[in-house]
Amino acid sequence: MKKTRRQQFLVIAILGLALTLLLGSLTILPSQVISASSETGGFSMKQVTSTATASSYQPDTNYVPAKVLDGIWGEDTESQQSRWSSSGQGQWLQFDLGQRQTVTFVKIAFLNARERLSSFEILASDTAEFNPGTVVLQKQTSRQLQPEDSILQTYVFDHPTDARYLRIVGYGNNASGSSGNWNSIMEVELYTGTVPGEGSGEPNLPPPDAGSIKEGDVLPPVLKQIKVNTATQLQQALDQAVSGTWIELKDGTYEQNGPFVLKEKHGTAAYPIRITAANPGMAIITGNSYMHIEDSSYIEVTGLKFQNSIGDEAGNQTLIERGLSNHTRTGVHPGVQLQSSSRISILGNTFALDETGQPYRFKAENRSVWCLIDVKGSCRYGESSYDPNGEVYDGLTSYEDDKLLTDNGTNRHYIRVEGTSSHNRIAYNDIGPKKGFGAVLIYDGEGHSGQGISQYDVIEYNYFHAIGPRVSNGLEAIRLGLSSLSLSSGFVTIQYNLFDGLQGEDEVISVKTSDNIIRYNTIRNSYGGIVSRHGNRNEFYGNYIIGDGKQAGLSGFRIYGNDHKIFNNYMEGLTDKVIRLDGGTHDGGPEGGTNPTVRWGGNNEQSAVLNSLPAEERTELLRGHWRQYNVQIYHNTIVNVGNNTPTFTLGGKTYQPVGTKIYNNLIFSHAGTVFNETDAVVKAPLNERPVYKGNMVEGIAPISNNPIINGAIPKQELRLVRSTDGLIRLSIYSPAIDAAVSPYFALEDIDGQMRYAPDVGADEYMFNGPKMNQPLTPADVGPQALF
């Protein structure tokens with residue numbers, strides 16, 4: 001059988017090595033020229049000696065240029081440490097050949113060559129400054145490797161040129177987020193002479209057709225399963241993980257002096273790196289430890305239970321050892337932190353962190369008091385922070401008296417998503433209890449100093465519960481962004497989550513970025529509601545927000561910014577300004593761009609182009625409540641409003657909402673005014689006033705405080721019924737059937753049923769029709785719905 005070119009080359013190399021060993025007179029050192037030749041194959045080549053320099057290398061590491069010439073490369077962890085790494089477009093490795101030579105091809109071993117494709121080009125020059133330089137290999141990406149391929153790959157120059165210097169210029173790789181900025185090479189070999197396989201006398205065969213390789217000839221990678229039962233074994237397994245590694249944690253507790261760290265680890269879509277509990281909920285992360293994942297991709301964390309403490313000063317050692325001292329968190333350890341990592345799945349875990357000792361503050365007798373959670377006798381008078389030697393306070397705490405409101409504390413978050421990343425999934429987790437200060441799940445992106453946030457993430461099927469008691473601000477279940485990131489697009493979807501009995505603050509979900517979707521969530525008997533605190537173009541639909549009509553503070557939506565859509569939501573028994581557009585303290589204009597001219601100050605108005613300001617002033621403007629433009633509110637069902645609260649509240653701040661569209665909503669209220677407008681909204685110019693069309697109202701609540709609206713929206717009997725699924729729906733005799741008016745229609749209703757002749761409200765009447773979206777119960781979410 002005729003040998004392939006590769007087989008011929010291997011045979012020749014093996015024969016040459018055997019001959020050398022037999023003669024015993026030739027010693028080949030790494031710095032010498034290596035040659036091979038074949039009379040029958042008709043080719044010869046020489047490996048060229050060189051030295052290496054670089055434009056830069058990764059700070060605080062030994063990933064220096066000389067590492068690419070040390071002969072060490074491979075896919076194990078130790079070999080991957082012998083490399084050059086530098087972040088940024090156009091970073092380069094430069095080779096000095098000592099004299100002018102004609103190099104015809106190069107062999108390069110890129111880091112993680114099977115998981116990602118690196119972009120590069122090669123230049124040649126007679127001067128070290130590359131003035132001028134000649135491109136000898138056009139910009140391209142590294143090869144997509146088959147399982148049997150070596151990661152040391154040959155790249156043949158387009159047109160070999162006599163030169164003393166060669167430069168490999170890197171342009172990053174195709175990994176998501178900041179990982180894609182890195183240029184990392186483990187080994188480089190330079191060769192003169194004939195390329196292996198050329199001139200061998202073999203005919204020039206046409207390229208193979210698709211399907212010429214049989215499925216059975218392509219073998220998948222061998223999966224590596226590692227079972228661990230100690231913290232040391234777990235961290236060792238994380239350090240050694242490669243694509244396809246499955247780390248299984250046996251029942252027990254896992255704690256070390258700092259977080260368990262995955263850094264620069266990459267699985268693939270087909271072969272992720274999995275960290276799973278042998279039995280869900282029985283592998284417990286405790287004490288000073290948590291999970292820190294950085295510059296990584298395709299990682300799954302499944303079935304673990306996080307009960308770790310808030311941490312102490314010694315709890316940073318594992319981060320420091322891995323060069324991550326800039327991410328240490330003294331005293332505020334989360335359960336999981338994702339840092340500039342993409343396609344990470346946090347699935348079916350339990351987050352019930354130990355909050356013992358976490359400081360919190362409240363007012364008592366007009367003085368500030370600091371206490372430590374679950375530490376008896378710890379309360380002390382004080383203002384800015386907890387002082388264990390301060391004056392003792394021995395009265396009731398805000399956990400014992402609901403008239404006392406926590407107004408500050410040590411911020412602690414159970415799940416943090418930070419840096420630049422994308423396509424993460426946080427799903428089927430049980431999250432709670434949490435009573436300490438700090439939002440539960442946060443997206444901080446690049447922080448106040450940056451303008452990017454994780455994109456295209458999905459947060460779904462999580463069970464948020466037992467969060468509270470009340471705080472004045474800072475205990476959201478989900479905080480999606482920061483004020484300084486609000487004009488950045490997240491494209492994040494928050495769906496099918498259950499928020500049950502939350503008593504934290506008035507924002508259950510707080511959206512602070514743009515272009516997100518919040519849909520099909522269920523909020524039951526929870527203080528607060530869904531708030532678009534900052535950002536533009538967010539959509540809120542298909543959500544169930546259900547209260548008892550009695551507990552104060554149960555709200556629906558509070559919105560700021562431009563072009564938001566609120567439709568197909570079911571709201572029952574809410575007691576606090578069900579839908580609220582109260583204007584803004586700042587006016588960013590109607591365009592919704594990333595660099596608007598902002599106005600503020602009212603009668604003493606000022607204005608500025610946002611990005612022309614220093615960072616601190618820019619952030620301060622973005623913290624304001626931004627005026628609403630073109631918010632569309634349609635096809636919602638709002639029933640049994642309680643506590644004498646208005647259903648719609650329009651206006652109230654310096655700049656009134658503009659162009660609000662309120663269409664085809666179904667409202668039943670015996671409480672406060674249905675459509676409540678401030679005087680400023682009533683007197684607004686016609687082109688800025690809200691537009692009401694197709695809305696239907698029943699109940700003893702006044703229609704509006706604006707006489708024009710009173711005359712335009714008559715009350716009528718809506719003929720609603722309580723259906724077998726517990727929701728208030730249209731009966732077959734309801735006048736809302738087929739009564740919706742254009743132009744604002746939802747193509748489907750809240751159940752997921754198609755609208756043909758649209759009805760008013762969230763529900764399209766369909767007797768015994770299929771319901772694909774219904775209020776969630778604990779059985780539908782969390783680990784029990786996954787395993």
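Along the sequence shown, residues carry numbers from 1. A quick note: this is a predicted structure, and the numbers were derived from the prediction, not measured.
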Kindly write out the residues that satisfy ring pair (Phe, Tyr, Trp, His ring centres under 6.0 Å) with [X], not counting sequence neighbours, or none if the list is empty.
X      : answer
Tyr414 : none
Tyr629 : none
Phe787 : none
His266 : none

Which heavy atom of [X] sits nearest a heavy atom of [Y], and at what distance?
X      : Y      : result
Gly432 : Ala352 : O-CB, 3.7 Å
Ile168 : Ile108 : CD1-CD1, 4.0 Å
Lys67  : Glu187 : O-OE1, 3.7 Å

Given 3.5 Å as the limit, does a donor-acceptor pair link the side chain of [X] with the main chain of [Y], or not?
X      : Y      : value
Asn183 : Gly172 : yes
Asp457 : Asn424 : yes
Arg519 : Thr493 : no
Asn521 : Ile494 : yes

Roughly how far, to the nearest 0.5 Å, is [atom2] of [Y] from [atom1] of [X]?
X      : Y      : atom1 : atom2 : value
Ile566 : Ile559 : CD1   : CD1   : 4.0 Å
Ser532 : Gln628 : OG    : CD    : 9.5 Å
Tyr443 : Ser454 : OH    : OG    : 5.5 Å
Ile344 : Lys265 : CD1   : NZ    : 13.0 Å
Leu111 : Ser184 : CG    : OG    : 5.0 Å

- By side-chain hydrogen bond (donor to acceptor under 3.5 Å, both in side chains), Gln784 pairs with (sequence neighbours left out) none
- Can you name the one residue among Phe351, Phe260, Tyr254 that meets ring pair (Phe, Tyr, Trp, His ring centres under 6.0 Å) with Phe306?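 The residue from Phe351, Phe260, Tyr254 that satisfies ring pair (Phe, Tyr, Trp, His ring centres under 6.0 Å) with Phe306 turns out to be Phe351.
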Show me the side-chain donor-acceptor pairs of residues 474-485 shorter than 3.5 Å, one per line, residues at least two apart or across chains.
{"unit_1": "Arg479", "atom_1": "NH1", "unit_2": "Asp444", "atom_2": "OD1", "d": "2.9"}
{"unit_1": "Arg479", "atom_1": "NH1", "unit_2": "Gly481", "atom_2": "O", "d": "3.0"}
{"unit_1": "Ser484", "atom_1": "OG", "unit_2": "His448", "atom_2": "ND1", "d": "2.8"}

- Item | Worked check of side-chain hydrogen bond (donor to acceptor under 3.5 Å, both in side chains) between Asp563 and Asn536 | CA-CA 6 Å; Asp563 300 305; Asn536 301 312; over 6 Å; no
- Message: Let's go through Glu248 and Arg274 carefully: what are the C-alpha distance in whole Å and the side-chain angles of both, what is the deciding distance for salt bridge (Lys or Arg N to Asp or Glu O under 4.0 Å) to 0.1 Å, and is it a yes or a no?
- Response: CA-CA 8 Å; Glu248 183 180 271; Arg274 293 186 172 95; over 6 Å; no
Cation-pi check, [X] to [Y]: give yes when NZ or CZ is under 6.0 Å from the six-membered ring centre and within 45° of the ring axis, no otherwise.
X      : Y      : answer
Arg533 : Tyr560 : yes
Lys139 : Tyr171 : yes
Arg143 : Phe110 : no
Arg83  : Tyr63  : yes

- Task: Determine, stepwise, if the pair Lys434 / Leu353 fulfils side-chain contact (heavy atoms from CB on, under 4.5 Å).
- Result: CA-CA 8 Å; Lys434 186 181 191 301; Leu353 277 58; over 6 Å; no
For the residue pair [X] and [Y], confirm or rule out a side-chain donor-acceptor distance under 3.5 Å.
X      : Y      : answer
Glu294 : Ser340 : no
Ser55  : Gln91  : yes
Ser86  : Ser56  : yes
Gln80  : Asp76  : no

Non-neighbouring partners of [X] that pass side chain to side chain contact (heavy atoms under 4.5 Å, CB included), sequence neighbours left out:
X      : value
Lys263 : Gln58, Val261, Leu324
Glu616 : none
Asn773 : Tyr496, Tyr520, Tyr544, Ile750
Asp430 : Thr350, Tyr463, His465, Pro783

- Task: Only counting residues at least two apart or in another chain, list the ones meeting salt bridge (charged side-chain N to carboxylate O under 4.0 Å, His left out) with Asp515.
- Result: Arg537
- Query: What pairs with Glu748 under salt bridge (charged side-chain N to carboxylate O under 4.0 Å, His left out), at least two apart in sequence or on another chain?
  - Reply: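 Glu748: no salt bridge (charged side-chain N to carboxylate O under 4.0 Å, His left out) contacts found.
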- Item | side chain to side chain contact (heavy atoms under 4.5 Å, CB included), paired with Phe557, selected from Ile545, Val631, Ile633 | Ile545
- Message: Taking side chain to side chain contact (heavy atoms under 4.5 Å, CB included) as the criterion, tell me which of Asn497, Val781, Leu441, Leu498 meets it with Asn462.
- Response: Asn497
- Report the C-alpha separation of Glu300 and Ile273 in whole Å, then their side-chain angles, then the decisive distance to 0.1 Å, and conclude whether the side-chain contact (heavy atoms from CB on, under 4.5 Å) test is met. CA-CA 6 Å; Glu300 294 181 6; Ile273 298 171; over 6 Å; no
- Query: Which class fits the ring pair Tyr456 and His423: parallel under 30°, tilted 30 to 60°, perpendicular over 60°?
  - Reply: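 Answer is parallel, since the angle falls under 30°.
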- Task: Determine, step by step, whether Thr420 and Glu446 satisfy the side-chain hydrogen bond (donor to acceptor under 3.5 Å, both in side chains) criterion, reporting the C-alpha distance in whole Å, the side-chain angles of both residues, the deciding distance to 0.1 Å, and the verdict.
- Result: CA-CA 6 Å; Thr420 304; Glu446 296 175 307; 3.1 Å; yes
- When you look at Thr276 and Thr302, which way does the side-chain hydrogen bond (donor to acceptor under 3.5 Å, both in side chains) test go after all the steps? CA-CA 5 Å; Thr276 68; Thr302 307; over 6 Å; no
- Measure the shortest side-chain to side-chain distance between Leu487 and Leu610 over non-hydrogen atoms and say whether it is less than 4.5 angstrom.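 Sidechains of Leu610 and Leu487: in contact.
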